[in-house]
Amino acid sequence: MTNHTVHTQFSGRLVFVGFGSIGRGVLPLILRHIGGLTSDRITIVTADEAGIGCAADFGVKYVVQPIKPDNYRAVLEPLLGPGDFLLNLSVDVSSIELVKFARERGALYLDTCIEPWAGGYVDTAVDPAARSNYAMRHAALQLRHDGADTASHPTAVLTHGANPGLVSHFLKQALLNIARDTGVEAGEPTSREDWANLAHKLGVKVVHVAERDTQVPSIPKKVGEFVNTWSVDGFISEGSQPAELGWGTHEKSLPPDGRTHNFGTGAAIYLMQPGAATKVRTWAPKAGHIHGFLITHSEAISISDYYTVRDGEQVVYRPTCHYSYHPSDSAVMSIHEFAGRNWRDQPEKRILLNEILPGGMDELGVLVAGHAKNAYWYGSQLSIDEARELAPYNNATSLQVTVAVLSGMVWAIENPQRGLVEPDEMDYKRNLEICLPYLGKVVGEYTDWNPLVDRARLFPEELDTSDPWQFKNVRV
Ligand code: NAD
């Protein structure tokens, strides 16, 4: 018996593909909060033995078998049937193929990002546009048009970790809070159009996913080592993709290295350089103003797309949206070293879990700007110390992700026939209700900051002083 709230019941089998920092962190939460799912009905299929001790702690079957294009059916077919759940927390495994496979088997599905097969992120034989998240998201969403009656397919939740994922729910709460505080009638938005109209009515120009991780390792980063608070391989992959951002209607000019796509909704652009080499200004309550990396993320595209207002075919409103990520100081040094090695991986990699000193935190939220009260940050301030008290096998960064994986799974179990779903299309209240107990302090704070405030101009810069929230002012 536990004292933890059981959010739902599940009678099927669960298969993990991949069991790294996120898989190990979410397993204890799943066993706590999803009733009826006993450990004998869970199987882990992964590429290495690193998680074997954690699996043994919970009595879960562990199979070391890297999933590849030529073996995924043979390996996964015996493990998955109607009413089962495929949880994809791997790197190097095609999300699109697993979504299709889960659908064929009648199983539910969730992942935390849209991944290609190994090598797909850095294949220089293909155009940078094809290595973008815009292209991968577009290809995934095309599965909605693949076969009849797709809406009644088993639910497949795309990209539901902290970001992408939880931040989409933060954004909805933030918009309602801003409406309340600025005297705008918000009503009870339910449809995509309602939410987009609300953001438009509030005058929101920009949404930054603003994150500052201050966790510090007890063993310092060595030369030739990549240290991170979550997947090193995942960070290297996304940092090597082109920088990408949802491109708002208030933007006056495309960046000189900005490129548009000639397919899809046109909600986002990409820059002709990696995200790990692209810095942007942002603000969070504890961090103050910071430079973050503009790492490409699915939420930057899905949020700009979701909050688009159209008049017929004509786009009349869309916010700019991008990630601005200041990872832990060790990860900043790791990225710097990785770039200096001409984007070739360091020989050693380390994901921090037990060897983190007390006191650091992950501050992750949305900075929603351009409205009557300038800018509002809403999100989670979770310290490593709180994270350790709340759940085993987690640090502050992973817990923000793993609890969102849990809430996405609960929502999928409760809504089993929704077909392909992105975080913006889910019930934000249900997800927040499940996540809140694990997020430390959840705060909303207004700020007078904008990218022109207190800007020391050491060299002449071409700024747009008539609109602080132009991307040219935000970009470093
Ligand atoms: P990790 O690097 O710690 O673990 C990756 C896991 O994938 C390992 O268990 C590895 O054995 C497994 N793997 C590698 N190749 C495989 C293959 N061919 N077949 C099966 N398994 C394979 O990563 P993590 O920190 O646990 O992150 C997992 C995923 O979640 C990554 O894609 C990462 O980008 C994503 N992520 C998303 C968020 C978010 O907020 N949305 C946050 C953190 C991580």
Side-chain angles (χ1 to χ4, degrees), residues 15-27 43-55 62-72 75-76 79 86-95 97-98 110-121 133 136 157-170 209 211 213 226-241 295-300 302 323 325 327 331 345 349-353 362 364 379-380 393-408 422-423 435 439:
V15 180
F16 281 72
V17 173
F19 198 62
S21 73
I22 303 307
R24 284 170 238 161
V26 77
L27 178 60
T43 306
I44 293 161
V45 180
T46 190
D48 60 55
E49 296 197 339
I52 212 160
C54 173
Y62 195 90
V63 180
V64 178
Q65 174 73 72
I67 298 292
K68 304 258 161 70
D70 58 4
N71 75 356
Y72 71 97
V75 176
L76 297 175
L79 301 173
L86 174 54
L87 179 58
N88 179 10
L89 299 175
S90 62
V91 296
D92 289 346
V93 176
S94 162
S95 308
E97 289 309 318
L98 290 204
L110 182 141
D111 64 31
T112 57
C113 59
I114 303 172
E115 288 254 344
W117 291 113
Y121 281 128
N133 277 342
M136 286 180 220
V157 178
L158 293 175
T159 66
H160 205 273
N163 62 313
L166 176 61
V167 293
S168 289
H169 311 311
F170 283 161
V209 175
E211 178 174 9
D213 180 349
F226 199 120
V227 173
N228 197 19
T229 52
W230 58 283
S231 181
V232 171
D233 292 326
F235 192 18
I236 283 178
S237 296
E238 65 182 29
S240 304
Q241 284 180 272
I295 302 288
T296 181
H297 258 204
S298 187
E299 76 271 19
S302 79
Y323 195 13
Y325 180 31
D345 294 17
K349 299 175 180 180
R350 178 158 54 109
I351 301 178
L352 300 173
L353 181 63
D362 205 316
L364 167 68
S380 153
Y393 288 105
N394 276 282
N395 59 34
T397 309
S398 73
L399 191 53
Q400 291 165 332
V401 180
T402 55
V403 72
V405 171
L406 171 74
S407 75
E422 290 190 299
C435 292
L439 295 178

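On a predicted model such as this, the values are computed, not experimentally measured, just so you know. Order of listing sets the numbers, starting from 1, for every ligand and every atom in it.
- For the pair Phe226 and Asp345, the minimum side-chain heavy-atom distance is 4.5 Å or more.
- Looking at every heavy atom in both residues, Trp230 comes nearest to Glu238 through CH2-OE2, 3.4 Å.
- For atom 32 (O) of ligand 1, the closest non-hydrogen atom of the protein is Glu115 OE2, 2.9 Å.
- Which parts of ligand 1 touch Trp230 is read off a 4.0 Å heavy-atom cut-off, strictly below it: atoms 25 (O), 34 (O), 43 (C), 44 (C).
- Close approach of ligand 1 to Gly161 (heavy-atom distance below 4.0 Å) involves ligand atoms 39 (C), 40 (O), 41 (N).
- Evaluated by nearest non-hydrogen atom to atom 1 (P) of ligand 1, the leading choice among Ser231, Ser398, Ala118 is Ser231.
- Not a single N or O atom of Val401, backbone or side chain, sits closer than 3.5 Å to an N or O atom of ligand 1.
- Put simply, the side chain of Thr112 does not reach to within 4.5 Å of the side chain of Thr159, judged on heavy atoms.
- Looking only at protein heavy atoms, the nearest one to atom 28 (C) of ligand 1 is Leu89 O, 3.3 Å.
- The N/O atoms of Ile22, backbone and side chain alike, include one that comes under 3.5 Å of an N/O atom in ligand 1.
- Gly165 does not count as a contact of ligand 1, since none of its heavy atoms falls under 4.0 Å from the ligand.
- Residue Ile67 places at least one N or O, backbone or side chain, under 3.5 Å from an N or O of ligand 1.
- Looking from atom 3 (O) of ligand 1 to the surrounding protein, the closest heavy atom is Ser21 N, 2.9 Å.
- When each atom of ligand 1 is checked for a heavy atom of Val91 under 4.0 Å away, the hits are 7 (O), 13 (N), 14 (C), 15 (N), 16 (C), 22 (C), 31 (C), 32 (O).
- Not one N or O of Glu238 is nearer than 3.5 Å to an N or O of ligand 1, by distance alone.
- Taking the side chain as every heavy atom from C-beta outward, Asn88 and Ser95 approach each other to under 4.5 Å.
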Criterion side-chain hydrogen bond (donor to acceptor under 3.5 Å, both in side chains) on Ser302 and Glu422, from CA distance to verdict: CA-CA 8 Å; Ser302 79; Glu422 290 190 299; 4.5 Å; no

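- A side-chain donor-acceptor contact under 3.5 Å links Ser380 to the backbone of Leu439.
- Residues Gly161 and Val405 come closest through the heavy atom pair CA-CG2, 4.5 Å.
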Could you go through residues 46-55 and list every donor-acceptor pair under 3.5 Å that involves a side-chain atom there, pairing it with any protein atom two or more places apart or in another chain?
residue : atom : partner : partner atom : Å
Thr46   : OG1  : Phe19   : N            : 3.3
Asp48   : OD1  : Ala50   : N            : 2.9

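- Between His160 and Ala404, the closest heavy-atom pair is ND1-O, 2.8 Å.
- Scored by the ring-ring contact (aromatic ring centres under 6.0 Å, His included) test, Tyr325 finds Phe235, Tyr323 as partners (sequence neighbours excluded).
- Those atoms of ligand 1 with a heavy atom of Ala162 less than 4.0 angstrom away are 39 (C), 40 (O), 41 (N).
- Among protein heavy atoms, atom 30 (O) of ligand 1 sits closest to Thr112 OG1, 2.8 Å.
- A 4.5 Å side-chain heavy-atom check between Asp111 and Leu98 finds every atom pair outside the cut-off.
- Of all atoms in ligand 1, listed by their number and element, those nearer than 4.0 Å to a heavy atom of Pro66 are 17 (C), 18 (N), 19 (N).
- When only interatomic distances are considered, the shortest N/O to N/O separation between Thr46 and ligand 1 falls below 3.5 Å.
- The protein heavy-atom contact nearest to atom 13 (N) of ligand 1 is Ala47 CB, 3.6 Å.
- In terms of polar-atom proximity, Val17 is not counted as a contact of ligand 1, lacking any N or O under 3.5 Å from an N or O of the ligand.
- In this structure, CG on Leu79 lies 12.0 Å from CD1 on Ile44, to the nearest 0.5 angstrom.
- Heavy-atom contacts of Asn163 reach the following atoms of ligand 1: 39 (C), 40 (O), 41 (N) (cutoff under 4.0 Å).
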Decide yes or no on side-chain hydrogen bond (donor to acceptor under 3.5 Å, both in side chains) for Thr229 and Asn395, but give the supporting numbers first. CA-CA 7 Å; Thr229 52; Asn395 59 34; 5.1 Å; no

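- The residue from Ser90, Gly18, Cys113 that puts a heavy atom closest to atom 29 (C) of ligand 1 is Ser90.
- For Gln65, no nitrogen or oxygen atom sits less than 3.5 Å from a nitrogen or oxygen atom of ligand 1, counting backbone and side chain alike.
- In Ile351, the part holding a heavy atom less than 4.0 Å from any atom of ligand 1 is the side chain.
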Applying side-chain hydrogen bond (donor to acceptor under 3.5 Å, both in side chains), run through Asp233 and Ser231 and close with a yes or a no. CA-CA 5 Å; Asp233 292 326; Ser231 181; 5.2 Å; no

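- From the protein, the heavy atom lying nearest to atom 4 (O) of ligand 1 is Gly20 CA, 3.2 Å.
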